[in-house]
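Contents: one structure, followed by commentary.
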Amino acid sequence: MRPNQICKRMRCRMAAFWMLFCVITLAAPALGAAGPSSEGPRIGLALSGGGARGAAHIGVLRALEEQRIPIDYIAGTSMGSIIGGLYASGMSPDEIERALGSMDWKHIFSDEPPRQERSFRRKRDDDLYLVKAKPGISDEGELKFPTGAIQGQKFDLALRQLTLSVSSETDFDHLRIPFRAVASDLATGTAVVIGSGDLATAMRASMSVPGAFAATEINGRLLVDGGITNNLPIDVVRDMGADIVIAVDISTPYMPAEEVDNLFSITAQLTSIMTRTNADRQIASLTERDILIIPELGDITSGDFESALKAIPRGREAAEAKRDRLAMLALSDSDYQIYQGPQRTASDHQMPVVSFIRIENDSTIDDSMIRDRLNQRIGAPLDRLQLERDIGNIYGLELFQTVHYDLVEENDKVGLVVNARARSWGPNYLQFGMKLSGDFQGDNAYDLGLAYLRTGINPLGGEIRTGLQLGEESSIIGGWYQPLDSLSRFFINTRLGYDARNVNLFSSEDGRLAEFRVQRVLFDVAVGREISVYGEGRLGYRYHTGEVDLITGTPGWPEFSFDTALLYGRLSVDRLDNYNFPEDGWLATLEYASAREAWGSDEDFDQLALRGNRFTTFGKGHVLGIGGLLETTPDGDTPIQDRYRLGGFLNLSGFADNALSGQQAAVVAAIYYRRFELMPFLSWYVGGSLEYGGVWEETDDIGNDSIAAGSLFLGADTPIGPVYLGLGKAEGGHSAAFFYLGRPLFH
């Protein structure tokens, strides 16, 4: 080939190369990522942590967009990683603001699923007066606790929803804007820069405040809030390639010495010292080309998420104050449009079609317990709302520390992966409880309780519980609850134990006639069917054997041994949103029991018990509840040990607890209370009740000579149970000032 031909071909190839280069270069902005801004200096945005104050970052982003400032790299810590990560994924400042505004901050930082979503079995834990917290216990007898007060189940789901459009992207350099989240290694105390993996998990790790949030495990490392080591990651965006840094510092400033005067303020000040020290070191590294923005956030605290949106305009104002400096970095209208590329919103994202579902489960529970609770159809678009409800129901089993989902792409197919992680402090748990009541007139009672619970004893989620109670009514009871299918619809429940309690014989004319001590050994076995999470029906056999001894009363009252054997059926429904102080929902129980000599009983008799209530909220914080009970022995021939008991707060207030007994009992009651907040994390209630009812011996007498009663009370929903202080009064001159720790029998 001649030299001139060779040169000609080389020139053609070079021309083709440059044409291809130009096409790729010009097309790059339209392909999704914002990428480096033209040929000017690379601009990095560093967003600091600061909890609720971090909403100011949204205002800064809005101002930067209005001034046409291109951002090539973003690094964020804690709340800065949340805002920065969402913006880097393609969300606009308006979309981020709407997302924060729609979050239920009161409940999102709580692991408790809505009570209505808990399994009916777990709702029955509320019948006990035990403290909700269940520390674990090792095989060696050592107590085990969670790594944080909050596991972050709801918060994780919220982040996953917001990042769903980029859930399959594992390289943060390939987001619309390259991004880094900063966390801290709990083992080494060093900063960890996260640039790949799952975006929602990375943001969650960066905001895992030690002690409050459980640490997040990524690649075998336990990660917590990045503010501990690098609260303003200026060096991180420099390492990403930034020539100029825009740093936004929303850290909480130091409090004056005179304000650091209690445990809470001292803890807050120590946190500020820790984060401010490393932030100040980063600020000291800024050059004349860099820009520091410090919004004036006044009294907005890091924990004031209810007021977080108020920080947005203040962030915008702070960025506007730097307009002259920022103007030197601004692009022209046309260049900024090229930089931004095609605009898309969250509504543009189409739900992917789910081609397969995979369960990742490290517990002893069979995978089918999880898979069969997922209603997502293979070959159909992802139903996110249904999936989140399903995950809520799975988490409501209270077997897992966290339950979350991922979308993965394998062999050009999108799959749903549900990861259920066993509780690190389970499956053996201890619970403690205390119940006190007194009327300041000498009628006082107390019970102390201790329970051991072992969950997941087999693949279908069987469990055993043993409880010990000491005090006015002593008992020791063990039970085994065994689901029979993967959806826990059918079950067997057995109980064996001993208890002792007092039964009073009461006359409206003469008062208390006699008091008996009933001691019994009991056995109960039942089969049943749960009705979704709403209720259950069961059929069972109950056997009691024991003794009745006279404590006080005229000599001649009977003392005897007894055997009682019954077949019973029970239907229960529970839709209350809160068991201690409900604001919405209803609860009802209907039980029919039949004792027969043929089944091992001393006597033949039948009993019917109906109990129910309904609560609703009106106005702001006003709650009204209507409830009642009817307990009847149709043939009117019940032995002492099986009589119904009545009396006490909300059950004819003014009488002492269980002061009355009869073969028939009935009460209708109305209760009103209003919630108010005196301090964080503790709700108080002031209210009153009206009650009407009594006890009788014959069914024909029900309603005759009924007793009117009522109460006024101050209550609080505390970590150790509901507390009441008030006044009760009943017809016949019965009145009492009472203190009550534990759950009254209105339910």
ring-ring contact (aromatic ring centres under 6.0 Å, His included) partners of Phe305, counting only residues at least two apart: Trp105, Phe109

Is atom [atom1] of [X] surrounded by more than 12 heavy atoms (other residues, nucleotides or ligands) closer than 6.0 Å?
| X | atom1 | value |
| --- | --- | --- |
| Lys144 | NZ | yes |
| Asp104 | CG | yes |
| Asp171 | CG | yes |

Contact list for residues 214-243, test ring pair (Phe, Tyr, Trp, His ring centres under 6.0 Å), sequence neighbours left out: none

Who pairs with [X] by side chain to side chain donor-acceptor pair (under 3.5 Å), at least two apart in sequence or on another chain?
| X | result |
| --- | --- |
| Arg238 | Asp290 |
| Ser168 | none |
| Ser81 | Ser206 |
| Glu410 | Arg358 |

Any salt bridge linking Arg42 with Asp72? Criterion: basic side-chain nitrogen under 4.0 Å from a carboxylate oxygen. no

Salt-bridged, Arg62 to Glu66, with N to O below 4.0 Å? no

Is there side-chain contact between [X] and [Y], with at least one heavy-atom pair below 4.5 Å?
| X | Y | value |
| --- | --- | --- |
| Arg314 | Ile300 | yes |
| Ser48 | Ile250 | yes |
| Asn278 | Thr229 | no |
| Pro41 | Arg289 | yes |
| Val414 | Ser355 | no |
| Asn578 | Asp717 | yes |
| Arg118 | Glu398 | yes |
| Val403 | Ile370 | no |

What residues form a side-chain contact (heavy atoms from CB on, under 4.5 Å) with [X], not counting sequence neighbours?
| X | value |
| --- | --- |
| Ile294 | Asp249, Leu292 |
| Leu397 | Ser119, Arg373, Leu399 |
| Ala88 | Ile74, Leu175, Ile177, Phe179 |
| Leu374 | Ile357, Ile359, Arg371, Leu387, Asp390, Ile394, Val418 |

Scan for side chain to side chain donor-acceptor pair (under 3.5 Å) pairs involving residues 294-304, sequence neighbours excluded, and state none if there are none. Asp304-Ser307

Heavy-atom closest pair, residues [X] and [Y]:
| X | Y | value |
| --- | --- | --- |
| Ala200 | Thr163 | CB-OG1, 3.6 Å |
| Ala99 | Ser102 | O-OG, 2.9 Å |
| Ala52 | Ala308 | O-CB, 3.7 Å |
| Arg176 | Ser89 | CB-C, 4.5 Å |
| Phe213 | Met207 | CD1-O, 3.8 Å |
| Asn361 | Phe400 | OD1-CE2, 3.7 Å |

Which salt bridge (charged side-chain N to carboxylate O under 4.0 Å, His left out) pairs, counting each pair once, include a residue from residues 152-166, with sequence neighbours left out? Asp156-Arg204, Arg160-Asp198, Arg160-Asp406

In terms of side-chain heavy atoms, does Gln401 have a donor or acceptor partner in Ser424 at a distance below 3.5 Å? yes

Tell me yes or no: between the side chains of Tyr87 and Glu65, is some donor less than 3.5 Å from an acceptor? yes

Checking Asp225 against Ser78 for the side chain to side chain donor-acceptor pair (under 3.5 Å) test, could you report, in this order, the C-alpha distance in whole Å, the side-chain angles of both residues, the deciding distance, and whether it holds? CA-CA 6 Å; Asp225 196 306; Ser78 197; 3.0 Å; yes

Is there a side chain to side chain contact (heavy atoms under 4.5 Å, CB included) between Val192 and Ile218 once you walk through the steps? CA-CA 11 Å; Val192 177; Ile218 297 180; over 6 Å; no

Side chain to side chain contact (heavy atoms under 4.5 Å, CB included) evaluation trace for Ile246 with Leu326: CA-CA 9 Å; Ile246 300 174; Leu326 292 170; 3.8 Å; yes

